[in-house]
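Right, one structure below, let's go through it.
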Amino acid sequence: MRMVDIIHKKRNGKTLTEDEIRFMIEGFTRDEIPDYQMSAWAMAVYFRGMTDEETAYLTRAMVESGDQVDLSAIEGIKVDKHSTGGVGDTTTLVLAPLVASAGVPVAKMSGRGLGHTGGTIDKLESIPGFQVELSQNQFVDRVNRHKIAVVGQSADLTPADKKLYALRDVTATVESIPLIASSIMSKKIAAGADAIVLDVKTGNGAFMKTPEKSEELARAMVAIGKKIGRKTVAVISDMNQPLGRAIGNALEVKEAIATLKGRGPADLTELCLILGAQMLVLGGRADSEAEARRILENSIQSGKAVETFRQFVQGQGGNPDVVDNPELLPSARYIREVTSEQAGVIQQIDTEALGTLAMKLGAGRETRDSKIDQAAGIEMCKKINDRVNKGETIAILHSNYVEINDNLINETRTAFRFSEQGRKEIELIYKIIHD
C-alpha cells in the first residue's frame with residue numbers, strides 16, 4: 001500500500017477503505033508519511049469530501065492512535081458534552097453540575113482556549129485552589145462520589161488528530177466538514193464517554209456562520225457516533241450574540257453560580273436545560289425530554305444543583321466559599337462602562353468582534369504561550385432587541401493589565417448596530433438532531 005495511491009484515489013473522488021485510512025493514519029502518526037503527502041490528502045478531502053463510512057473509519061483510526069480513557073470503574077452511563085465554541089459560552093460550568101445533581105455521571109476532559117476567551121479549564125482555574133490535574137484513581141473517585149469531575153485533556157489522546165490539525169491550520173483545509181467532525185468526535189470518543197451531546201453553534205460568533213453549514217456538521221458528527229457505537233445527539237444553537245451576559249473566565253464562573261441558583265440569564269438557563277435534558281435521557285435518568293427538564297428545574301429550585309457545584313469545587317481543591325461569595329474570584333484593576341452614543345433598539349451585535357476585544361483585554365490567548373488574565377472580560381448590559389437610551393451603559397470592560405482607553409471603548413460601541421424598530425425574536429435553538 002502506498003500513500004501516493006491513496007491521495008490519487010481520493011483526488012479522483014473515490015471512496016477509501018478502512019484499511020487504507022488506517023494505513024495512512026498509523027503511518028502519519030509514526031512519521032513514516034511526510035507532511036506534504038498528508039497535506040495533499042487533506043486538500044483532496046476538502047474538495048472531494050468523504051462518505052459517512054470513511055469519516056467513521058478516520059475517526060476510529062485517530063482514536064486508536066493514542067490513549068483511550070477507561071471509565072468502566074465509574075457507575076452508570078457516562079454522558080459527555082461538547083460545544084463547537086462561541087463567545088460567552090458558559091454552558092459546561094452550569095451543565096456539568098446540573099446534570100450531575102440529577103444523578104447522571106459527568107466525567108469530563110476539557111481543553112484550554114486559544115482565541116477569544118479561555119476554555120473550560122481556564123475558567124475553572126479562576127476559582128482559588130481549583131486543581132485541573134487528577135490521577136485516574138482520583139478522577140474516578142470524584143465522579144463516583146459527586147457524579148462530576150472535570151480535568152485537563154491528556155496529551156496522549158488522539159495524537160494523530162493533533163498532527164493533522166496542525167497541518168490543516170497552515171494549508172487552508174480547516175473548513176472541511178468531514179475533517180472537523182472526525183477531529184471533534186475522535187477526542188470525545190477517546191475520552192471514554194458512553195453517550196455524547198453536541199452543542200453546535202451557528203451565527204456570526206461561531207465557526208459555522210449559517211444554520212445550513214452547522215446542520216451539515218451536526219449530522220456528520222451524529223453519524224460518526226452512531227457508526228462507532230456511541231449514542232449521540234446534536235443541538236444547533238444560536239451564536240449571533242454572546243450567550244448570557246458574561247464574556248471572560250471569572251466573570252463566567254460568577255454567572256454560572258448565579259444560574260445554578262436560578263438567577264442566571266434566560267438564554268443561558270434555557271440552553272442548559274435543553275442540553276441537560278438530552279443528557280439525562282441518554283443517561284437513562286429520564287424517559288422523555290419533558291420529564292428530564294422537570295428534574296433539572298427542580299434541582300435548581302431546591303438548591304441541589306448549586307450544592308453539587310460546591311462539592312465539585314471542594315472535591316478538586318477549590319475554595320467552595322466562592323458559591324456564597326463570588327467576590328473571592330479574581331477582580332479587575334481597570335473597569336470602564338461603555339455608554340451608547342445614540343438611542344434606539346439593538347438590531348445586531350458583532351459577536352466575533354466582541355470576542356476579539358475580550359482577547360485584547362486579556363481574557364483569551366492570541367498564541368499558545370499567551371498568559372490569561374482571569375479577571376478580564378466583558379459584561380453585556382444590553383442585547384439584541386433591547387431598547388437603549390443615549391448615554392445608557394451597554395457593556396462594562398474589565399482588565400488587570402490593559403488600560404482601557406478610548407480606542408477599546410469605541411471598538412465596543414461599533415459592535416452594536418441600532419435601528420428604530422426591533423427585529424424578530426432570535427431563535428435560541430434551531431434544530432435538535434438525533435439521527
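Below, each value reflects all heavy atoms present in this structure, side chains not excepted, and no hydrogens, waters or symmetry copies.
- For Ile247 against Ala358, the heavy-atom pair with the smallest separation is CG2-CB, 3.7 Å.
- Formation of a donor-acceptor pair under 3.5 Å by the Asp350 side chain with backbone atoms of Ala353 is found in this model.
- With Ser183 contributing its side chain and Leu179 its backbone, the two residues share no donor-acceptor pair below 3.5 Å.
- No donor-acceptor pair under 3.5 Å is formed between the side chain of Lys188 and the backbone N or O of Leu198.
- Taking the charged nitrogens against the carboxylate oxygens, Asp80 and Lys78 have no contact shorter than 4.0 Å, which rules out a salt bridge.
- With respect to the salt-bridge test (charged N to carboxylate O, under 4.0 angstrom), the residues Arg245 and Glu379 do not qualify.
- Atom CG of Asp52 and atom NZ of Lys227 lie 5.5 Å apart (nearest 0.5 Å).
- Shown here is Arg417, whose CZ atom has more than 12 heavy atoms of other residues, nucleotides or ligands within 6.0 Å.
- A salt bridge is defined here as a Lys NZ or Arg NE, NH1 or NH2 lying under 4.0 Å from an Asp or Glu carboxylate O, and Lys231 with Asp194 fails to meet this definition.
- How far NZ of Lys162 is from CG of Leu167: 14.5 Å, rounded to the nearest 0.5 Å.
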- Go through the steps for Ser299 and Ser101 under the test side chain to side chain donor-acceptor pair (under 3.5 Å), then give the verdict. CA-CA 7 Å; Ser299 188; Ser101 73; 2.5 Å; yes
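- Remark: Ile177 CD1 to Met50 CE distance equals 13.5 Å, nearest 0.5 Å.
- Rounded to the nearest 0.5 Å, atoms OG (Ser126) and CG (Leu328) are 11.5 Å apart.
- In this model, no donor atom of one side chain and acceptor atom of the other lie less than 3.5 Å apart for Asn407 and Asn405.
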- Item | Criterion side chain to side chain contact (heavy atoms under 4.5 Å, CB included) on Leu397 and Ile409, from CA distance to verdict | CA-CA 8 Å; Leu397 309 186; Ile409 296 292; 4.2 Å; yes
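- Proximity of a side-chain donor or acceptor of Thr232 to a complementary backbone N or O of Val222 within less than 3.5 Å is not detected.
- A donor-acceptor contact closer than 3.5 angstrom links the side chains of Lys81 and Thr91.
- Remark: Arg294 does not engage Glu297 in a salt bridge, criterion side-chain N to carboxylate O under 4.0 Å.
- When the options Thr351, Asp267, Thr90 are evaluated for a side-chain contact (heavy atoms from CB on, under 4.5 Å) with Leu243, the one that passes is Asp267.
- For the pair Lys163 and Phe28, the distance from NZ or CZ to the six-membered ring centre is under 6.0 Å and the angle to the ring normal is within 45 degrees.
- The closest side-chain donor-acceptor pair between Tyr334 and Asn400, if any, does not fall under 3.5 angstrom.
- Under the 4.5 Å side-chain criterion, counting only non-hydrogen atoms from C-beta, Leu282 is in contact with Val197.
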- Please walk me through it: do Phe47 and Ser176 pass side chain to side chain contact (heavy atoms under 4.5 Å, CB included)? CA-CA 8 Å; Phe47 284 110; Ser176 162; over 6 Å; no
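- For the pair Thr84 (side chain) and Lys201 (backbone), a donor-acceptor distance under 3.5 Å is present.
- The only option from Ile77, Val99, Ile74, Val79 that meets the side-chain contact (heavy atoms from CB on, under 4.5 Å) definition with Pro105 turns out to be Ile74.
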- Go through the steps to decide whether Tyr430 and Thr202 satisfy the test side chain to side chain contact (heavy atoms under 4.5 Å, CB included), and finish with yes or no. CA-CA 9 Å; Tyr430 291 82; Thr202 191; 3.4 Å; yes
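- Taking both residues in full, the closest heavy atoms of Val106 and Ala100 are given as CG2-N, 4.2 Å, listed atom of the first, atom of the second, then distance.
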- Message: Show, in sequence, the C-alpha distance, side-chain angles and deciding distance for Thr393 and Glu337, and conclude whether the side chain to side chain donor-acceptor pair (under 3.5 Å) test is met.
- Response: CA-CA 6 Å; Thr393 301; Glu337 294 186 8; 2.8 Å; yes
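- Thr259 and Thr269 share no side-chain donor-acceptor pair at under 3.5 Å.
- No side-chain donor-acceptor contact under 3.5 Å links Arg336 to the backbone of His398.
- Salt bridge Arg310/Asp324: present, at least one basic N to carboxylate O contact under 4.0 Å.
- Ile384 is not listed as a side-chain neighbour of Gln347, based on a closest heavy-atom distance of 4.5 Å or more.
- Contact of the Thr15 side chain with the Glu53 side chain is not registered, since no non-hydrogen atoms from C-beta on lie closer than 4.5 Å.
- Looking at heavy atoms from C-beta onward, Phe130 lies out of side-chain contact with Asn319 at the 4.5 angstrom threshold.
- Side-chain contact check for Met380 versus Phe416: some heavy-atom pair is nearer than 4.5 Å.
- Residues Leu260 and Val94 are in side-chain contact: their nearest non-hydrogen atoms beyond the backbone lie under 4.5 Å apart.
- In this structure, a donor-acceptor pair under 3.5 Å is absent between the side chains of Gln374 and Glu125.
- Counting only distance, with no hydrogens or angles, the side chain of Lys147 and the backbone of Arg142 share no donor-acceptor pair below 3.5 Å.
- The heavy-atom pair separating Ala56 from Ile228 by the smallest distance is O-CD1, 3.8 Å.
- Judged by distance alone, the side chain of Gln316 and the main-chain N or O of Gln131 form a donor-acceptor pair under 3.5 Å.
- Taken to the nearest 0.5 Å, the CG atom of Leu95 stands 11.0 Å off from the CD atom of Gln278.
- Under the 4.5 Å side-chain criterion, counting only non-hydrogen atoms from C-beta, Lys10 is in contact with Arg48.
- Closest approach of Val69 to Ala191, counting heavy atoms only: CB-O, 3.6 Å.
- With contacts defined as side-chain heavy-atom distances shorter than 4.5 Å, the pair Val174/Tyr165 qualifies.
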- Item | Verdict with reasoning, Glu175 to Arg168, per salt bridge (Lys or Arg N to Asp or Glu O under 4.0 Å) | CA-CA 9 Å; Glu175 297 92 344; Arg168 289 166 54 209; over 6 Å; no
- Task: Could you walk me through whether Ser237 and Val200 pass side chain to side chain contact (heavy atoms under 4.5 Å, CB included), step by step?
- Result: CA-CA 6 Å; Ser237 67; Val200 181; over 6 Å; no
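- Using a cut-off of 4.0 Å between Lys/Arg side-chain N and Asp/Glu carboxylate O, Glu291 and Arg285 are scored as not salt-bridged.
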- Quick one: do Glu216 and Lys213 satisfy salt bridge (Lys or Arg N to Asp or Glu O under 4.0 Å)? Show the steps, please. CA-CA 5 Å; Glu216 186 182 349; Lys213 294 300 288 185; 3.3 Å; yes
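- Here Ile189 contributes atom CD1 and Ile224 contributes atom CD1; the two are 7.0 Å apart, rounded to the nearest 0.5 Å.
- Proximity of a side-chain donor or acceptor of Thr356 to a complementary backbone N or O of Glu352 within less than 3.5 Å is detected.
- The two residues Pro128 and Val322 make their nearest non-hydrogen contact at CD-CG1, 4.0 Å.
- Within 6.0 Å of the CG atom in Asn325, the count of heavy atoms belonging to other residues, nucleotides or ligands exceeds 12.
- Under the 4.0 Å criterion applied to side-chain N and carboxylate O atoms, Glu341 and Lys390 are not assigned as salt-bridge partners.
- Side-chain atoms of Thr158 do not come within 3.5 Å of backbone N or O of Asp161 as any donor-acceptor pair.
- We find that Glu270 and Arg293 are joined by a salt bridge, their nearest charged nitrogen and carboxylate oxygen being less than 4.0 Å apart.
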